[in-house]
Number of protein chains: 2
Amino acid sequence: MSRYLEARRETLPPAVTDLAEQLAEAGYKVTGPRLAVLKAATALRGAFSVHELEQWLIARGESPGIASIFRTVRLLSDLNLLQRIHGLDDCHRYSLGKGHGHHLVCTGCGAMERFEDCGVQSLIQQLEQRTGYRISAHLVELFGLCPRCLAASAA
Amino acid sequence: MSRYLEARRETLPPAVTDLAEQLAEAGYKVTGPRLAVLKAATALRGAFSVHELEQWLIARGESPGIASIFRTVRLLSDLNLLQRIHGLDDCHRYSLGKGHGHHLVCTGCGAMERFEDCGVQSLIQQLEQRTGYRISAHLVELFGLCPRCLAASAA
DNA sequence: TTCATAGTTGAGAGATAATATCAATAAAAT
DNA sequence: ATTTTATTGATATTATCTCTCAACTATGAA
């Protein structure tokens with residue numbers, strides 16, 4: 001495995017070591033900058049932007065160069081460990097999570113719920129028949145107010 | 001109505017005058033640059049980027065400043081006459097069309113089908129119950145190969 | 001038709017998101 | 001411990017898009 005990771009395993013949250021192990025398994029080196037980004041992404045939870053990752057890291061005095069933050073985000077995305085969130089306007093947010101997933105995003109505060117089953121299978125079948133396309137991917141994102149923002153707006 | 005539009009109605013495609021009338025009705029002036037962008041968007045059909053609009057216009061020697069192209073795209077979008085297409089990667093394409101709509105985009109050639117009914121109502125109800133969110137908007141986009149690209153890839 | 005006015009335009013500066021370059025560095029294999 | 005090779009970071013660059021503001025023009029009123 002990764003010597004670098006083993007040396008600091010004790011000091012890292014399990015979620016971070018877990019992700020780092022997947023980087024190693026995929027043949028990538030486990031480096032300081034990459035661990036830093038993983039720490040930030042894990043700590044921020046939910047939907048975060050590259051800028052927010054950077055701010056979190058700067059605040060702790062351990063920010064890699066911005067290029068490496070982008071590179072790590074891209075790498076996690078390529079390995080399907082990170083999903084890009086497509087907002088109605090904003091398309092520059094991400095969420096940790098394995099494989100295919102969808103998001104329900106609060107337009108008030110940015111909170112987010114992930115869900116797996118989006119029930120578009122029958123729509124896909126229907127459209128394949130009607131249009132002759134072979135559909136291989138889909139994007140489903142939902143927007144609204146979370147319970148807290150809902151309560152606040154009612155007051 | 002718009003004096004400017006009436007004076008050139010004869011020289012414009014109906015799809016363009018139709019859109020221009022909607023600008024006028026909404027209280028916006030019908031100007032040369034705006035008509036030019038409408039012509040480009042109508043001519044390009046399907047999914048287009050701002051850059052493609054600009055290229056089309058430059059090729060005909062009637063391109064407004066890039067700022068005005070962006071402004072017109074934004075205006076059409078605000079009036080719900082233009083939809084932004086969210087690709088898996090690319091989020092900078094648009095499609096003419098009124099109101100709420102979804103897209104089935106060919107990952108091979110960029111061709112595109114619009115569809116209205118996306119059948120996520122029951123998913124929305126389900127998630128509202130489970131999460132307590134009040135869902136007010138959604139994004140559904142599908143990707144695959146169009147019949148032509150499918151045939152080409154089989155060969 | 002002409003005029004006044006208020007909305008619109010365009011050039012260029014600037015903001016933001018992201019990538020490219022490449023010498024220096026550090027993790028991993030030996 | 002040394003070698004090898006991936007990775008990093010500073011900087012420049014590109015792409016997308018917005019801002020500013022003087023000049024302009026479509027529109028409504030006269």
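No experiment lies behind these values; they were computed from the predicted model shown. Sequence lines set the chain letters: A, B, ... in the order given, protein chains first and strands last, and positions in each chain run from 1.
In this structure, Leu5(B) atom CG and dT25(D) atom P are separated by 18 Å, rounded to whole Å. Rounded to whole angstrom, the span from the NE2 atom of His92(B) across to the P atom of dT16(D) amounts to 7 Å. Between the C1' atom of dA18(C) and the CG atom of Leu75(A) lies a distance of 16 Å, rounded to the nearest Å. Across the protein-nucleic acid pair, Asp89(B) atom CG and dT19(C) atom C1' stand 14 Å apart, rounded to whole Å. The nearest whole Å value for the distance from the CZ atom in Arg3(B) to the C1' atom in dT5(C) is 13 Å. At whole-Å resolution of the value, CG in Asp90(A) and C1' in dC17(D) are 14 Å apart. Computed from coordinates, the Leu23(B) CG to dG7(C) C1' distance equals 13 Å when rounded to whole Å. In this structure, Asp78(A) places its CG atom 14 Å from C1' of dT19(C), rounding to the nearest Å.
Note on residues 40-98 of chain A: pairs passing ring-ring contact (aromatic ring centres under 6.0 Å, His included), not counting sequence neighbours, are His86(A)-His86(B).
For the pair His51(B) and Tyr4(B), nearest-nucleotide mapping onto DNA chain D gives the more 5' position to His51(B). Residues Val50(B) and Ser2(B) each lie close to DNA chain D; by heavy-atom proximity, the contact nearer the 5' end of the strand is made by Val50(B).
Side-chain contact check for Arg84(A) and Ser77(A): no donor-acceptor pair (N or O, by modelled atom type) lies under 3.5 Å. Side-chain contact check for Lys98(A) and Gln83(A): no donor-acceptor pair (N or O, by modelled atom type) lies under 3.5 Å.
Separating the CD atom in Glu62(B) from the CG atom in Leu35(B) is a distance of 9.5 Å, to the nearest 0.5 Å.
Counting atom types as modelled, Lys29(A) pairs no side-chain N or O with a base atom of dA26(C) as donor and acceptor under 3.5 Å.
Look at Tyr28(B) and you won't find any side-chain N or O under 4.0 angstrom from OP1 or OP2 of dA6(C).
The ring-ring contact (aromatic ring centres under 6.0 Å, His included) search around Tyr4(B) returns none, not counting sequence neighbours. Legend: residues meeting side-chain hydrogen bond (donor to acceptor under 3.5 Å, both in side chains) with Glu25(A), ordered by chain and number and at least two apart, are absent. Applying the side-chain hydrogen bond (donor to acceptor under 3.5 Å, both in side chains) rule to Arg130(B) yields no partners; only residues at least two apart in sequence or on another chain are considered.
Nearest heavy-atom pair across Ala36(A) and Leu57(A) is O-CD2, 3.4 Å.
Summary for the helix from dT1(C)-dA30(D) to dT30(C)-dA1(D): the axes at its two ends, each from 5 pairs, differ by 40° when rounded to the nearest 10 degrees.
Using a 4.0 Å heavy-atom cutoff across all strands shown, Phe70(B) reaches at least one base atom of the nucleic acid.
The side chain of Val30(B) lies closest to dT27(D), out of dA1(D), dT27(D), dA18(C).
Proximity of the aromatic rings of His100(A) and His138(A) is defined here by a centroid distance below 6.0 angstrom, and this criterion is met.
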* Structure fact -> Protein heavy-atom contacts under 4.0 Å, written 5' to 3' over nucleotides 8-14 of chain D as B (base), S (sugar-phosphate only) or - (none), form the string BB-----
